[in-house]
Amino acid sequence: MKLEAKEDFPPATENDARSGNSVAAIRKSILDHIHFSQARLPVMATCNDWYVALAYTVRDRMFGHWMNVVQAIADPQRKIVGYLSAEFLMGPHLGNALINLGIHDNTRAAVAQLGLNLDDLLAQEEEPGLGNGGLGRLAACYMDSLATLGVPALGYGIRYEFGIFSQEIRDGRQVEKTDKWLRLGNPWEIHRPELSCTVNFGGRTEWFHDERGRLRIRWIPNRVIKGVPYDTPIPAFRKDFIGILRLWKSEAVESFDFQAFNVGDYYKAVDEKVVSETVSKVLYPNDEPEIGKTLRLAQQYFFVSCALQDMIRVHLIRGKALDTFHESFAVQLNDTHPAIAVAELMRLLVDEHDMDWCEAWTITRNVFSYTNHTLLSEALEKWPLPFFGHLLPRHLEIIYEINHRFLEEVRRHAPGDDGLASRLSIIDEGGQKSIRMAHLASVAGHRINGVAELHTKLLSRTVLRDFHAIYPDRFVNVTNGVTPRRWMVLSNPKLAGLLESAIGDRWICRFEEEIEKIAPLADDPAFRNHWREVKRGNKADLAGLIHERTGNTVDPDTLFDVQVKRIHEYKRQHLNVLHIVTLYNRIRRNPNLDITPRTFIFGGKAAPGYAMAKLIIKLINDVGAVVNRDPDVAGRLKVVFFPNFNVKNGQMIYPAAELSEQISTAGKEASGTGNMKFSMNGALTIGTLDGANVEIREAVGPENFFLFGLTVDQVNDLWGRGYNPRRYYEENAQLREAVDLLYSGHFSPDHQARFVPLLDTLLNHDPYMLLADYQAYIDCQDQIAAAYRDQEHWTRISILNVARMGRFSSDRSIREYCKDIWRIRQGV
Ligand code: 7GP
């Protein structure tokens with residue numbers, strides 16, 4: 001099939017109001033949209049009206065590119081990536097689109113000619129926070145790289161009406177506010193009702209004879225809802241290409257059930273609509289175990305079914321038969337949230353398209369691959385059988401059949417080893433029977449990947465050990481990456497400008513090859529000076545924002561020591577607090593102590609149901625309140641909690657950081673991606689040998705990375721020998737003093753025992769081994785304080801960190817997925 005749509009459009013000229021990129025064209029386009037799209041007089045237009053008019057202006061400029069991707073999607077020779085993810089943490093679109101389309105400067109000028117400031121319009125955008133943290137943000141970086149590398153891609157997910165809650169801090173505690181990001185509309189999405197799908201739930205299955213007399217199974221659901229897609233274009237960096245983010249909203253099949261309406265039951269009809277719309281209502285924060293959360297499973301099935309129906313539709317439009325579906329699509333399962341896709345594709349092929357089971361299974365195996373993002377057992381998804389069967393009766397049967405055939409293969413492989421079969425089984429028979437989604441994904445996926453070398457190794461030795469034993473070739477590693485477009489060019493224009501003046505701008509899309517060219521400049525004193533000026537400027541900007549958001553005054557000439565990420569015990573924000581309390585004790589003992597002045601900046605959300613994480617937020621704020629007020633400390637220590645850490649705030653924070661805290665217990669952080677963002681922006685890292693820290697350290701050089709703490713093997717060893725945290729407390733005076741001060745209520749005079757649950761956990765169990773790592777952490781921080789005093793040396797290391805981050809561009813990750821997993825050729 002050949003699309004000729006492009007010829008239908010007049011060729012773009014610089015001054016064309018719809019597509020031109022000149023200042024005059026952009027200004028004209030904004031005014032046109034104020035008039036024709038917003039029906040406003042410029043004098044009456046609000047800031048939001050101008051933002052929307054500008055967003056439409058920018059969107060217009062992507063539509064020409066849209067035709068290129070439609071052509072690629074229609075081309076039967078080209079394989080398409082279907083990236084299935086329950087989360088896409090995109091961050092604001094406007095700034096990124098201006099950068100990628102190459103119209104940032106002209107737009108700023110055009111907006112200025114209208115008497116406006118681009119920064120005010122950028123601030124107007126509500127970010128789509130459709131993700132919790134790393135996993136969702138990774139999906140967003142990957143969409144950027146897929147587009148930039150010219151790989152035709154559809155990101156499939158849920159158009160949550162409410163994204164991740166927004167966080168306020170009141171009296172030092174987290175308060176959650178619903179994220180009404182769609183309140184003022186969303187100019188970036190295109191509603192595509194004509195591509196709607198229906199999705200079934202519940203009911204039962206039955207045997208029947210088809211028209212050819214064969215005995216078959218059909219699903220008689222008791223609920224049907226509609227999925228309506230909304231498309232958001234994701235622009236490539238300076239290429240005529242985009243990716244498509246296709247998010248599904250749930251709706252009632254008919255807005256009113258007329259039968260109910262006719263018999264007078266108006267409210268039942270409306271009820272139906274409300275229940276159907278609930279499916280895409282809200283993003284689940286990743287907290288308590290999911291067992292029993294029907295809505296969560298319904299969400300997963302809902303978007304996966306819509307996505308697969310959509311992919312099959314695209315494949316058939318290409319004029320191809322269904323038995324070649326795997327030649328059209330490579331489908332990535334972003335963790336197990338979309339793993340039900342395995343059973344759904346089998347159902348669509350076998351039940352709906354009348355395909356033979358074995359043929360359908362071969363296709364399914366070829367189509368899917370699975371990325372694991374965590375080893376934490378509490379995050380491994382399991383669905384109790386009766387509950388699963390109640391919502392998805394046909395899928396339960398299909399999973400039984402997949403499992404039956406799989407276990408036969410296992411028994412052939414290892415006759416008599418029933419232990420192996422039960423450990424590998426998709427059904428967990430121990431206790432409450434349940435479906436292990438990671439097993440379903442691993443049985444079907446032709447490739448299983450972890451997200452950092454260490455993580456992939458641990459995955460194949462622990463959580464998926466038995467799968468690795470029987471299918472070693474399925475396992476590959478793809479270390480995560482982040483996009484330098486958003487995380488450097490957009491967030492850190494000062495640094496990008498300096499880099500451009502030194503090595504040109506090829507590094508933006510050829511990061512791996514080009515960025516190392518700045519390494520020799522580490523020896524150039526003038527360049528180091530510029531480098532420091534950039535950082536100083538970013539710190540001053542952040543200081544302004546901190547004052548605005550928290551009322552705290554911070555000094556941009558202190559060391560900015562930053563830990564921003566979700567709040568979790570394994571990430572050990574409270575180890576960072578123990579360091580602060582230790583420094584505080586040293587100053588109290590000797591008020592004239594000469595220490596390196598620091599500003600400790602924290603940020604991150606705690607899952608609403610995770611009491612200990614919430615207590616850690618309160619701890620940071622309570623310690624901050626006392627330390628910041630103490631006259632003895634006078635400008636040497638400051639502690640701030642930056643509220644509502646999200647993509648937008650991250651863009652201000654990473655560029656201003658000098659020290660990046662990556663201090664998880666070894667073996668717990670799958671990869672981390674914040675670690676990469678910090679380092680790309682010139683922060684030095686204090687970190688454990690965990691996740692991608694290991695590879696970052698190798699890349700930047702061990703002498704340019706502050707390493708501390710137990711290794712994975714040492715952690716395991718210590719558990720094996722019997723870990724007694726209290727012994728560390730008893731034997732370490734500095735540690736004891738810090739812990740005792742916290743117990744004493746010094747930081748919580750209004751409630752002396754506030755932190756007892758946290759402190760008791762540390763002394764009695766300490767599941768994340770803070771006390772075992774405490775002294776090493778303090779020693780390492782002392783070294784850092786000393787190193788910071790030699791600013792020339794510090795700057796050298798900072799430059800070398802950036803120069804050696806080439807591997808950590810998401811472009812490199814996506815190239816690896818294309819080659820080793822999707823078997824896709826790159827486009828542009
Ligand atoms: C995160 C991991 O914790 C982080 O280490 C990794 O960098 C990131 O994924 C991207 O791979 N995991 C999640 O965000 C998550 O929700 C549960 O994992 C499945």
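As a basis for the values below, the full set of heavy atoms in this structure was taken, side chains included, without hydrogen atoms, waters or symmetry mates. Numbering of ligands and ligand atoms starts at 1, following listing order.
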Any N or O of [X] closer than 3.5 Å to N or O of ligand 1:
X    : value
L138 : no
A379 : no
N480 : yes
S671 : yes
G133 : no

May I ask you to list the atoms of ligand 1 that are less than 4.0 angstrom from any heavy atom of [X]?
X    : answer
G134 : 8 (C), 9 (O), 10 (C), 14 (O)
Y570 : 3 (O)
V451 : 11 (O)
A670 : 5 (O)

Can you tell me if G691 contacts ligand 1 (heavy atom of the residue under 4.0 Å from the ligand)?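 The answer is no: ligand 1 sits nowhere under 4.0 Å from a heavy atom of G691.
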Within less than 4.0 angstrom of ligand 1, does D335 place any heavy atom?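 A heavy atom of D335 does come that close to ligand 1.
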Using the six-membered ring wherever Trp is involved, compare the ring planes of Y83 and W822 and label them parallel, tilted or perpendicular (cut-offs 30° and 60°).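 The rings of Y83 and W822 stand perpendicular, inter-plane angle above 60°.
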Return the orientation label for the H568 and Y570 ring planes: parallel under 30°, perpendicular over 60°, tilted otherwise.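 The rings of H568 and Y570 sit tilted, inter-plane angle from 30° to 60°.
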Which protein non-hydrogen atom lies closest to [atom], naming both residue and atom, and how far is it?
atom                    : answer
atom 3 (O) of ligand 1  : E669 OE2, 3.1 Å
atom 6 (C) of ligand 1  : G672 N, 3.7 Å
atom 13 (C) of ligand 1 : L135 CB, 3.5 Å

Just by distance, with hydrogens left out, do [X] and [Y] show a side-chain donor and acceptor under 3.5 Å apart?
X    : Y    : result
S664 : D690 : yes
N449 : D820 : no
E661 : Q781 : yes

Restricting to non-hydrogen atoms, name the atom on R447 and the atom on R823 that form the minimum distance, rounded to 0.1 Å.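 Smallest interatomic distance, heavy atoms only, reads NH2-NH2, 4.4 Å.
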Residue selection (non-hydrogen contact nearest atom 12 (N) of ligand 1) among K668, H373, E87, R137: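 Among K668, H373, E87, R137, the closest heavy atom to atom 12 (N) of ligand 1 comes from H373.
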Is the distance between the ring centroids of Y768 and H574 under 6.0 Å?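 Not close enough - the centres of the two rings lie 6.0 Å or further apart.
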